[in-house]
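These numbers come from a predicted model, not from an experiment. Just the heavy atoms: all of them, side chains too, but no hydrogens, waters or symmetry mates, feed the values below.
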Amino acid sequence: MTTATAAATATAAATPTATATADLTATPGVAATVEVHCLQGWLAVCAPGDLTPGRGVAALLPDGTQVALFIDRGGRMYAIGNRDPFTGAQVLSRGLTGSAAGRPFVASPLLKQRFDLATGDCLDDPSVTVPTYRVRAAD
């Protein structure tokens, strides 16, 4: 598992949102960072090359919460809360990714509940969700 600590790049107030995807469109030769939008604004988390399809990256935000970042084979990035709501463990970044009915998901490595990467909805229990965060690649 890769873990990163986010550093602030802006100071706009915001909350986690259901818009959890972004396209990774880094220009060759231009250094880019992956940024997550949270209460502290846009925070640099990692380099785009740190994200590998099928594997998650965990990041610690300044307020102590953790976020799990993923990228799919098409270059779309997703950011959701790293805490598994069924066990309380910070493990979603270590889950298995896949898709069901065209919805990208991560399955918790503990009890295997699946969470939609775009919306945070649990595919196995509609009453449960995890927070989602906006994510982008910035130059």
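With a 4.5 Å cut-off on side-chain heavy atoms, V106 and L117 count as touching. Using a 4.5 Å cut-off on side-chain heavy atoms (C-beta onward), V91 and N82 make no contact. For the pair R103/L123, a side-chain contact is recorded, criterion being any heavy-atom separation below 4.5 Å from C-beta on.
In terms of heavy-atom proximity, D139 sits nearest to A32 at OD1-CB, 4.1 Å. Closest approach of Q90 and R83 over heavy atoms only: OE1-N, 3.3 Å. Of all heavy-atom pairs between A118 and T132, the closest is O-CG2, 4.0 Å. Closest approach of A137 to M77, counting heavy atoms only: N-CE, 3.5 Å. What you find for Q113 and F86 is that their closest heavy atoms are CG-CE1, 3.4 Å. Of all the heavy atoms in L69 and L51, the pair that sits closest is CB-CD2, 4.0 Å.
Screening F105, F70, Y133 for a side-chain contact (heavy atoms from CB on, under 4.5 Å) with I80, the sole residue that qualifies is F70.
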Checklist line | side-chain contact (heavy atoms from CB on, under 4.5 Å) evaluation trace for V45 with E35 | finding: CA-CA 5 Å; V45 175; E35 296 179 343; 6.0 Å; no
Notebook entry, point to check: Would S93 and V57 satisfy side-chain contact (heavy atoms from CB on, under 4.5 Å), going step by step from the backbone distance to the final call?
Noted result: CA-CA 6 Å; S93 64; V57 172; over 6 Å; no
Next item on the list: Please test C46 against T33 for side-chain contact (heavy atoms from CB on, under 4.5 Å), starting from the C-alpha separation and ending with a verdict.
Entry: CA-CA 6 Å; C46 63; T33 59; over 6 Å; no
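Checking side-chain atoms of D84 against main-chain N and O of S108 turns up no donor-acceptor pair under 3.5 Å. Proximity of a side-chain donor or acceptor of T119 to a complementary backbone N or O of D121 within less than 3.5 Å is detected. At least one donor-acceptor pair under 3.5 Å links the side chain of D72 to the backbone N or O of R76. D125 places no side-chain N or O within donor-acceptor distance of the main-chain N or O of C122, the cut-off being under 3.5 Å.
When the shell of 6.0 Å around CG of L96 is examined, it contains 12 or fewer heavy atoms from other residues, nucleotides or ligands.
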